[in-house]
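All chains are named by letter (A, B, ...) in the order of the sequence lines, taking the proteins before the strands, and each is independently numbered beginning at 1. Quantities reported herein were computed from a predicted structural model and do not represent experimental measurements.
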Amino acid sequence: MIKKFDKKDEESGSGSNPFQHLEKSAVLQEARIFNETPINPRRCLHILTKIIYLLNQGEHFGTTEATEAFFAMTRLFQSNDQTLRRMCYLTIKEMANISEDVIIVTSSLTKDMTGKEDVYRGPAIRALCRITDTTMLQAIERYMKQAIVDKVPSVSSSALVSSLHMVKMSYDVVKRWVNEAQEAASSDNIMVQYHALGLLYHLRKNDRLAVTKMLNKFTKSGLKSPFAYCMLIRIASKLLDETEGGHDSPLFDFIESCLRNKNEMVVYEAASAIVHMPHCTARELAPAVSVLQLFCSSPKAALRYAAVRTLNKVAMKHPSAVTACNLDLENLITDSNRSIATLAITTLLKTGSESSVDRLMKQISSFVSEISDEFKVVVVQAISALCQKYPRKHSVMMNFLSNMLRDDGGFEYKRAIVDCIISIIEENPESKETGLAHLCEFIEDCEHTVLATKILHLLGKEGPRTPQPSKYIRFIFNRVVLESEAVRAAAVSALAKFGAQNDDLLPSVLVLMQRCMMDSDDEVRDRATFYMNVLQQKQKALNAAYIFNGLSVSIPGLEKSLHQYTLDPSEKPFDMKTVPLATTPITEQKTEIAPIATSKLPEKLAPSRQDIYQEQLASIPEFQGLGPLFKSSEPVQLTEAETEYVVRCIKHTFARHMVFQFDCTNTLNDQLLQKVMVQMEPSEAYEVIHYVPALSLPYSQPGSCYTLIRLPDDDPTAVSCTFSCTMKYLVRDCDPNTGEPDDDGYDDEYVLEDLEVTVADHIQKVLKPNFGAAWEEVGDENEKEETFALASVRTLDEAVGNIISFLGMQPCERSDKVPENKNSHVLFLAGVFRGGHDVLVRARLALADGVTMQVTVRSSEETVVDVILASVG
Amino acid sequence: MDSTSLEPSLYTVKAVFILDNDGNRLLSKYYDPELYPSMKEQKNFEKNVFNKTHKADNEIAFLEGMTIVYKSSIDLFFYVVGSAQENELMLMSVLNCLFDSLSQILRKNVERRCLLENMEGVFLVVDEIIDGGVILESDPQQVLQKINYRADDNPLSEQTVAQVLQSAKEQIKWSILK
């Protein structure tokens, strides 16, 4: 029997599947007929199909059995049946990774690849390249070069695509085929053109000049393939982005000209490229938007989807540019494809007027349950943006969100809603109580630990400051009774905050704490005991330090320091001040509304930038003994963007020293730099102690050199300094192609821009969630106050921005946002000064013909207060 | 749906699969080793996609951060998956090419039984349209020309008596020769 269809099976309806009850062992048994002579093509074909089908279903083949079947299969090359041969190629590809010694078919495949049968040649090349490794590649190189320029399109395409796959494995060999690929790119066949372009770009993408040349050539000569056009558009927009080319560049003209291409695919690609360009003005967007508008009424769902999705993106940045499409979008809100309808509505929410909000919200609630979670998140984000735009609508939104919160949905979806509600609460104080009430209701039945702890934390922060804090206690304590350990622990922390803030609740909180101390989990018990003891002291400073404002050290840093401490036991107690501070405190600012964040990146605790630097610096012997790294600045450019050498500097501050890290890149391909260092001339009493040169700086490979300076001990107020910098090095000319340097070199130097050290380099940002408590904790022992007039500043916003960036401190209590139409504002800043002294700044600003500022500084150390005031003045 | 633009590359297709009307996999190929590396994740993804798409024939969907274009015919569902930033129309052209090519080799009987009977042809078609995630061909006529495959002219059930006898004779002959 050749094709077995059980009659019974067939009658039983659609359940018939000739492959349904395949057993791997039986199929492998059958595969023995491959060895029969003469070969029965049809039977063999059927068995090969079964094998591939099984592999496709995820059946696991052991190495031995796979190898056995593979070797048997090789005999089938004797048959001249076309389909059978093609199936052999497929089997080879499928088994390439599971069978051993697959290379034994190399010669058969090489024969087919160079043979007369055109139908075999393409697939044979693809199968051959799948089993070839780096060592074998040399042997077939000649054939590959020939195949790339072969006049049969399928052969050429196959060779080009296979070459592309092999670039990952052996870039150097494939690179030698550039000329052949170049020739193939001028082929008449549209697919060959596309594949050649793809390969060429892949080989040249690191060489910007070559890419530019290639683009010039193809944009002028014109291509036939729409795919190739799409590829060109992508390359052009990437290049524009990298070179920050203005929109008068010929590349932009090219992309814009593609809007008039006759193929929709190309037109859409061009429109999408323009929309995604940063800094695009409304005028430049207009042509792209109008083609997208046309697509909105296309009968093809995919095209409508693509258009409305792209318009949605435009609306995020330039809502006014999309208003012209409002009518077309209105037609899409009843589209049978719910994805399209959702995107249309969320776009309209961004572009429409306040009056249409209610109607649109009603429309969307009618089908919100039908759409996928991804799009529900889109809806939530649109609402979140809307709340910022029309704060008065928050009650409608809050209602809608709370309904969504009650529906089923995955974690991402729920998180988006919770984030949105939290942001509304933060933006509109009057919505705080309703928002908190919805969230309380949500955690009553919430399966996501992360969300429950997040909400409990928020309740702890906001709840005690509401008019009726007592009503939240019940919700929080319910968690202690019902939930998992992590949630219980979070609930205990939240309870403690109520106790610390509200004296009249304290007795009841203490009773509840007492109960928590009998919890079965260690963490919960520990927290309860700790808070119990702190609360019983009834001291404001203790409450502030241990309940409201937690630790501000970097967690990986703390882990490392503690580990170090246990390795090297000493009598001294562990000093928290030796632990590096967290560099990026959880900002109070509302997170940017990412355009449909669906990144699947696991949110693990990645070591922060500063932890990486700490590690790098510690590995350099000269810098050992400097103590923990206190702060690393953002990189400062010391050269213009397009110069021979690109240098940027990162300032690392330690307790008594600073290390300047110079990241240098050599952009001359005919030079090799050696012994590169940056000589620094300080303007103040700073002392250069040591230079660590970068030994060698080949073309386009960044390297770092360091300069170590000592901060002046005798004058702690000398915090700012200007350094004039000169880069010194030994130049060895070299061959641009091989990179082979000449034997001798000569010394040379290059003047860099001056480097400034300011007060901000000495202060690390620290977030105090409860500024008032922290202010009391530090006390007025070292308080100083001074008044300044900022004559050049016109608005409060500007003044706030200037002060923050000048002092480099963290704004607290959302005080960095100046409410509209106000003439005065109070800014709270917190930080830690080098050496571990807390410093808090309260700046009262008044606007009246320039800004008047009264600065009050508190710190645990008097000199720090002086430093700050001196630097402001 | 990240706003970052796409790295120019030929690797357009992340996955392609054909499911039956119960959501069972008949054929599926994943081209990005980082996307659903294990069989369990793949089947789970297929299940999710199927659940979201089989009720309404909407042509395009967005799930788990992937753009999915699809098409159904009688008791079959064809899916082509690309990244969120991918040009939807490119994915559509792959899907259309796949569907039209199969429709031709199956003589317009694009249904489960017929497809399974010609599984080798289906494997070959997919292989000619996409190679490792790169669109190799998007013109159904070219695909057909390259694979040179037709569905069986004479499915066994419709063979004439003479042919059946003939094939029986052949088989007996071979069994004796063995």
K.L.:
Taking side chain as everything from C-beta outward and backbone as N, CA, C, O, which of these in A:P226 sits under 4.5 Å from a heavy atom of chain B? Side chain, backbone, both or neither.
P.N.:
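Neither the backbone nor the side chain of A:P226 comes within 4.5 Å of chain B.
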K.L.:
Looking at A:G198, A:A302, A:G58, which makes the most heavy-atom pairs under 4.5 Å with chain B?
P.N.:
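Most heavy-atom pairs within the cutoff with chain B belong to A:A302.
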K.L.:
Please examine the side chains of A:H195 and B:L10, heavy atoms only from C-beta on, and report whether any two atoms are closer than 4.5 Å.
P.N.:
yes
K.L.:
What residues form a salt bridge (Lys or Arg N to Asp or Glu O under 4.0 Å) with B:D32, not counting sequence neighbours?
P.N.:
B:K14
K.L.:
Quick one: does B:N87's side chain get under 4.5 Å of A:R234's, heavy atoms only?
P.N.:
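The answer is yes; the side chains approach within 4.5 Å.
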K.L.:
Between B:E128 and A:R126, is there a side-chain N and carboxylate O pair less than 4.0 Å apart?
P.N.:
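Yes, B:E128 and A:R126 are salt-bridged.
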K.L.:
Which residue out of A:S339, A:P38, A:A273 racks up the most heavy-atom pairs below 4.5 Å with chain B?
P.N.:
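Most heavy-atom pairs under 4.5 Å with chain B: A:P38.
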K.L.:
Which bit of A:E59 comes within less than 4.5 Å of chain B, counting heavy atoms only: side chain, backbone, both or neither?
P.N.:
neither
K.L.:
Side chain, backbone, both or neither: which part of B:K52 has a non-hydrogen atom closer than 4.5 Å to chain A?
P.N.:
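Side chain only.
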K.L.:
Determine whether A:R309 and B:E88 make a side-chain contact, defined as any pair of heavy atoms from C-beta on separated by less than 4.5 Å.
P.N.:
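A:R309 reaches B:E88 side chain to side chain.
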K.L.:
Measuring heavy-atom distances to chain B, does A:E264 have an atom under 4.5 Å in its side chain, in its backbone, in both, or in neither?
P.N.:
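A:E264 touches chain B through backbone and side-chain heavy atoms alike.
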K.L.:
Let me know if B:S9 has heavy atoms under 4.5 Å from chain A in its side chain, its backbone, both or neither.
P.N.:
backbone
K.L.:
Pick whichever of B:M39, B:K43, B:E59 has the most heavy-atom pairs under 4.5 Å with chain A.
P.N.:
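So the answer, after comparing B:M39, B:K43, B:E59, is B:E59.
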K.L.:
Determine the option with the most heavy-atom pairs under 4.5 angstrom with chain B, choosing from A:L232, A:L45, A:L48, A:D118.
P.N.:
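Maximum pair count with chain B is reached by A:L45.
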K.L.:
Chain B heavy atoms under 4.5 Å from A:L303: which part of the residue, side chain, backbone, both or neither?
P.N.:
both
K.L.:
Find the one option among A:V275, A:L90, A:I233, A:D335 whose heavy-atom pairs under 4.5 Å with chain B are most numerous.
P.N.:
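Among the listed options, the one with the most contacts to chain B is A:L90.
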K.L.:
To the nearest 0.5 angstrom, please state how far the OG atom of A:S158 sits from the CD atom of B:E137.
P.N.:
10.0 Å
K.L.:
Could you give the distance from CG (B:L136) to OG (A:S157), rounded to the nearest 0.5 Å?
P.N.:
6.0 Å
K.L.:
I need the B:D127 CG to A:M87 CE distance, nearest 0.5 Å.
P.N.:
9.5 Å
K.L.:
Within a radius of less than 6.0 Å around NZ of B:K71, do more than 12 heavy atoms belonging to other residues, nucleotides or ligands occur?
P.N.:
yes
K.L.:
Top residue by heavy-atom pair count (under 4.5 Å) with chain A, among B:L91, B:N48, B:V134?
P.N.:
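Heavy-atom pair counts peak at B:V134.
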K.L.:
I'd like to know if the side chain of A:R86 reaches the main chain of B:E120, judged simply by a donor and an acceptor atom lying under 3.5 Å from each other, with no hydrogens or angles considered.
P.N.:
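Not at all, since once roles are kept as given, no pair shorter than 3.5 Å links the two residues.
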K.L.:
Is the shortest side-chain N to carboxylate O distance from A:R130 to B:D131 below 4.0 Å?
P.N.:
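So A:R130 does not pair with B:D131 through a salt bridge.
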K.L.:
With a 4.5 angstrom heavy-atom cut-off, which part of B:K40 approaches chain A: side chain, backbone, both or neither?
P.N.:
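For B:K40, no heavy atom lies under 4.5 Å from chain A.
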K.L.:
Rounded to the nearest 0.5 Å, what separation is found between the CG atom of B:L89 and the CZ atom of A:F227?
P.N.:
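Reported value, rounded in 0.5 Å steps: 10.0 Å.
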K.L.:
When rounded to the nearest 0.5 angstrom, what is the spacing between OH in A:Y53 and CG in B:L26?
P.N.:
5.5 Å
K.L.:
Out of curiosity, B:N118 CG to A:T49 OG1, how far, rounded to the nearest 0.5 Å?
P.N.:
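One finds 10.0 Å between CG of B:N118 and OG1 of A:T49.
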K.L.:
Measuring heavy-atom distances to chain B, does A:K93 have an atom under 4.5 Å in its side chain, in its backbone, in both, or in neither?
P.N.:
side chain
K.L.:
Can you pull the ring-ring contact (aromatic ring centres under 6.0 Å, His included) pairs that have at least one residue in residues 80-129 of chain B, sequence neighbours excluded?
P.N.:
B:F78-B:F99
K.L.:
Select one option (side chain, backbone, both, neither) describing which atoms of A:S272 are under 4.5 Å from chain B's heavy atoms.
P.N.:
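Neither part; nothing is under 4.5 Å.
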K.L.:
Answer yes or no: is there an ion pair linking A:E94 with B:K29, defined by an N-O contact shorter than 4.0 Å?
P.N.:
yes
K.L.:
Any idea how A:H165 and B:Y11 line up, ring-wise: parallel (<30°), tilted (30 to 60°), or perpendicular (>60°)?
P.N.:
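Tilted: the ring planes of A:H165 and B:Y11 meet at 30° to 60°.
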K.L.:
Non-hydrogen atoms of chain A under 4.5 Å away: do they reach the side chain of B:M92, the backbone, both or neither?
P.N.:
side chain
K.L.:
Is chain B contacted by the side chain of A:M265, its backbone, both, or neither, given a heavy-atom distance below 4.5 Å?
P.N.:
both
